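These notes concern the structure reproduced below.
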There are 2 protein chains.
Amino acid sequence: MSPSSGSAAVSSGIVAHAPPGLRLAHFASLLADETRAVFLLSLLDGRAWTASELARQAGVAASTASEHLSRLTAAGLLAEERQGRHRYVRLADAAAARLVESVAAYALPGRDNPHTLRAAGASSAMARGRTCYDHFAGRLGIAVTDAMERRGLLLMGSGFALTEEGLDWFGGLGIHLLPAKSRRPMVSSCLDWTERKRHLAGIAGAELCWLALEKQWCVRIGSERAVKVTAAGERALYALLGIEADELR
Amino acid sequence: MSPSSGSAAVSSGIVAHAPPGLRLAHFASLLADETRAVFLLSLLDGRAWTASELARQAGVAASTASEHLSRLTAAGLLAEERQGRHRYVRLADAAAARLVESVAAYALPGRDNPHTLRAAGASSAMARGRTCYDHFAGRLGIAVTDAMERRGLLLMGSGFALTEEGLDWFGGLGIHLLPAKSRRPMVSSCLDWTERKRHLAGIAGAELCWLALEKQWCVRIGSERAVKVTAAGERALYALLGIEADELR
DNA sequence: GCGACCGTTCGGTCCGCACCGAAGGGTGCC
DNA sequence: GGCACCCTTCGGTGCGGACCGAACGGTCGC
């Protein structure tokens with residue numbers, strides 16, 4: 001995908017025809033600051049935050065946060081919506097989220113360690129289920145992905161792709177996945193940096209997540225990215241994928 | 001982030017339990033310098049370069065290059081082998097290569113533009129076929145990948161995975177792909193930043209590349225990463241995948 | 001209207017770090 | 001042994017950029 005061509009890059013100070021090394025370095029420097037990194041990690045839930053929320057999160061002055069947000073937006077990593085006196089920002093698109101995820105997955109230590117899984121025990125709800133930009137992660141994401149593989153809907157051993165049956169399964173939910181509908185892959189895997197296990201992402205993952213929220217199979221908990229499976233959700237997951245409620249706890 | 005408790009930094013750069021934002025930023029800062037970026041892009045061919053070659057490539061003094069290489073090595077991105085008075089460095093592993101590729105794919109403009117494909121027309125050989133760390137890229141990589149899809153060996157529309165037939169096909173070549181043999185995915189796709197098209201990577205891609213070089217289906221051209229398909233290679237590609245020689249030119 | 005709040009802009013400060021040249025150790029060649 | 005070569009270490013310099021506080025303009029609520 002890349003920034004929609006030069007325009008964003010130009011406004012951020014880089015010439016379109018700069019040598020590749022310089023372009024790569026300039027771009028990487030966007031992530032190479034703790035404050036901006038905290039912003040991006042916070043935004044990985046795919047939702048919009050206000051400038052002051054992010055400033056508090058990172059522990060910097062509002063003026064500092066403002067400058068950082070302008071830079072990230074100019075580079076095309078963030079999209080913003082102004083509402084009244086608030087500036088809401090979110091990750092620009094799935095490609096931006098994917099990029100942050102992939103760098104984080106490499107840079108951050110594997111937290112397989114059960115007792116440090118999300119250091120503050122407060123967020124065991126996060127371990128159970130959460131959104132990862134626009135699809136499910138946590139045990140919920142893993143359970144769905146694994147169940148799809150068990151049922152022959154998804155190939156995972158030799159790559160990561162939906163089978164014919166998998167496409168039909170989505171069709172049965174009213175989700176019709178068209179190949180090459182956009183530049184974004186229809187199906188891809190996401191290696192979450194807390195779970196260290198691949199789970200369903202891409203358009204298919206996003207559509208499934210959206211459907212589950214719409215049908216109230218899951219609801220968001222508070223203002224966090226954590227989600228909770230409802231009773232109706234447990235029934236649906238069992239009927240559709242044979243997932244036992246125990247698996248999700 | 002200003003003071004950032006300077007004591008946090010150790011020789012390798014950062015303590016293990018630093019907050020995620022700081023770790024991510026420290027890591028990204030490795031790519032956030034033009035000289036280091038040039039090094040990494042040069043090393044994307046998967047081969048080993050000497051320190052002075054890289055210094056010349058980037059246009060910096062040997063002392064400067066030495067410091068950069070030490071940093072990249074300490075961080076685990078590069079591996080080094082000392083031979084006599086030479087210091088050879090290469091990308092540490094496929095994960096490191098993948099990381100650089102994914103950031104580059106986002107940061108660098110799409111060079112779909114036919115006439116700027118590898119700016120210096122000198123390297124049309126590169127466009128025909130080359131190695132991308134440890135697997136094939138260029139038209140050769142695309143041709144192999146597409147042919148595998150046409151033959152039902154590879155699913156690409158709904159993800160990216162080998163089918164049963166695909167696994168058998170590899171078995172017929174004497175390549176036995178075992179699931180979960182390592183942390184590296186058996187099959188994955190690589191989006192090359194010059195071609196902008198997915199092609200076969202992962203263990204399967206690497207094994208296939210290695211086999212082709214061993215059987216002299218392809219040979220390296222000069223000291224570049226470009227490869228050339230031999231006459232024996234054309235026969236083999238036709239017999240195995242039905243690839244016409246025209247496709248490769 | 002006035003005050004509370006959110007965000008931005010502007011000086012000014014300060015630290016990190018990329019860079020070089022010079023000097024020094026290790027290796028290989030003749 | 002002597003010399004050329006590859007690399008490293010060490011001071012010193014200069015620039016980019018992250019940060020803050022203060023001042024200002026917009027937006028909402030009372």
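As the structure is a computational prediction, the values presented were derived from the model and not from experiment. Throughout, a chain's letter reflects where its sequence line sits, starting with A, and its residues are numbered from 1. The analysis underlying the following values was restricted to heavy atoms, covering all of them including side chains, and did not include hydrogens, waters or symmetry mates.
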Taking five pairs at each terminus, the helix from C:dG7-D:dC24 to C:dG24-D:dC7 shows an axis bend, to 10°, of 30°

Keeping B:S29 on the side-chain end and A:A32 on the backbone end, is there a donor-acceptor pair under 3.5 Å? no

Between A:F39 and A:H68, how do the two ring planes meet: parallel, tilted or perpendicular, split at 30° and 60°?
perpendicular

Notebook entry, point to check: For B:T35, which contact category applies under a 4.0 Å heavy-atom criterion: base, sugar-phosphate, or nothing?
Noted result: sugar-phosphate

Here the distance between atom C1' of C:dC20 and atom NE2 of B:H68, to the nearest Å, is 12 Å

* Is there a donor N/O on one and an acceptor N/O on the other, under 3.5 Å, for the side chain of A:S63 and the base of C:dG7? -> no

Could you tell me whether a side-chain N or O of B:R23 sits under 3.5 Å from a main-chain N or O of B:A18, the two making a donor and an acceptor?
-> no

Assign each of B:A32 and A:H86 the nucleotide of DNA chain C bearing its closest heavy atom; nearer the 5' end lies the nucleotide of A:H86

Taken to the nearest whole Å, CZ/A:R87 to C1'/C:dT8 is 9 Å

For B:A62, report the nucleic acid contact type (base, sugar-phosphate, nothing); a contact means any heavy atom under 4.0 Å. base

Which of C:dG7, D:dA18, C:dA18 is nearest the side chain of A:S52? It is C:dG7

Notebook entry, point to check: Quick one: does A:T230's side chain have a donor or acceptor within less than 3.5 Å of a partner on A:Q216's backbone?
Noted result: yes

ask   = Closer than 4.0 Å, any side-chain N/O of B:R36 to the OP1 or OP2 of C:dA18?
value = yes

A:W49 CH2 to C:dC6 C1', in whole Å, measures 17 Å

All N/O pairs under 3.5 Å across the protein-nucleotides 23-30 of chain D interface:
| unit_1 | atom_1 | unit_2 | atom_2 | d |
| --- | --- | --- | --- | --- |
| D:dT27 | O2 | A:R85 | NH1 | 3.3 |

(message) Under 4.0 Å, counting only non-hydrogen atoms across every strand here, what does A:T50 touch: a base, just sugar-phosphate, or nothing?
(response) sugar-phosphate

B:H26 atom NE2 is separated from C:dC15 atom C1', nearest whole Å, by 13 Å

- [ ] Check for a donor-acceptor pair, side chain of B:S42 on one end and backbone N or O of B:V38 on the other, with a separation under 3.5 Å.
- [x] yes

Check for a donor-acceptor pair, side chain of B:R225 on one end and backbone N or O of B:T131 on the other, with a separation under 3.5 Å. yes

Side-chain contact check for A:A51: nearest option of C:dG7, C:dC17, D:dA18 is C:dG7

Residue pair B:D33, B:R71: steps toward the salt bridge (charged side-chain N to carboxylate O under 4.0 Å, His left out) verdict: CA-CA 12 Å; B:D33 171 82; B:R71 253 187 89 172; over 6 Å; no

A:L72 atom CG is separated from D:dG17 atom C1', nearest whole Å, by 14 Å

Quick note, B:D33 side chain, CB onward, closest among D:dC6, C:dC19, C:dG11 is C:dC19

Rounded to whole Å, the CZ-C1' distance (B:R71 to D:dT9) equals 17 Å

Exercise. Short question: side chain of B:H199, backbone of B:I142 - any donor-acceptor pair under 3.5 Å?
Worked result: no

Atom CD of A:E67 and atom P of C:dG12 are separated, to the nearest Å, by 15 Å

Worksheet item: Contact class for A:T64 (heavy atom, under 4.0 Å): base, sugar-phosphate, or nothing?
Response: base

Q. Is any NZ, NE, NH1 or NH2 atom of the basic residue among A:D45 and A:R220 found under 4.0 Å from an Asp or Glu carboxylate oxygen of the other?
A. no

Any donor-acceptor N/O pair, A:S102 side chain to A:R98 backbone, under 3.5 Å | yes

When rounded to whole Å, the CG to C1' distance for the pair B:L30 and C:dC17 reads 13 Å

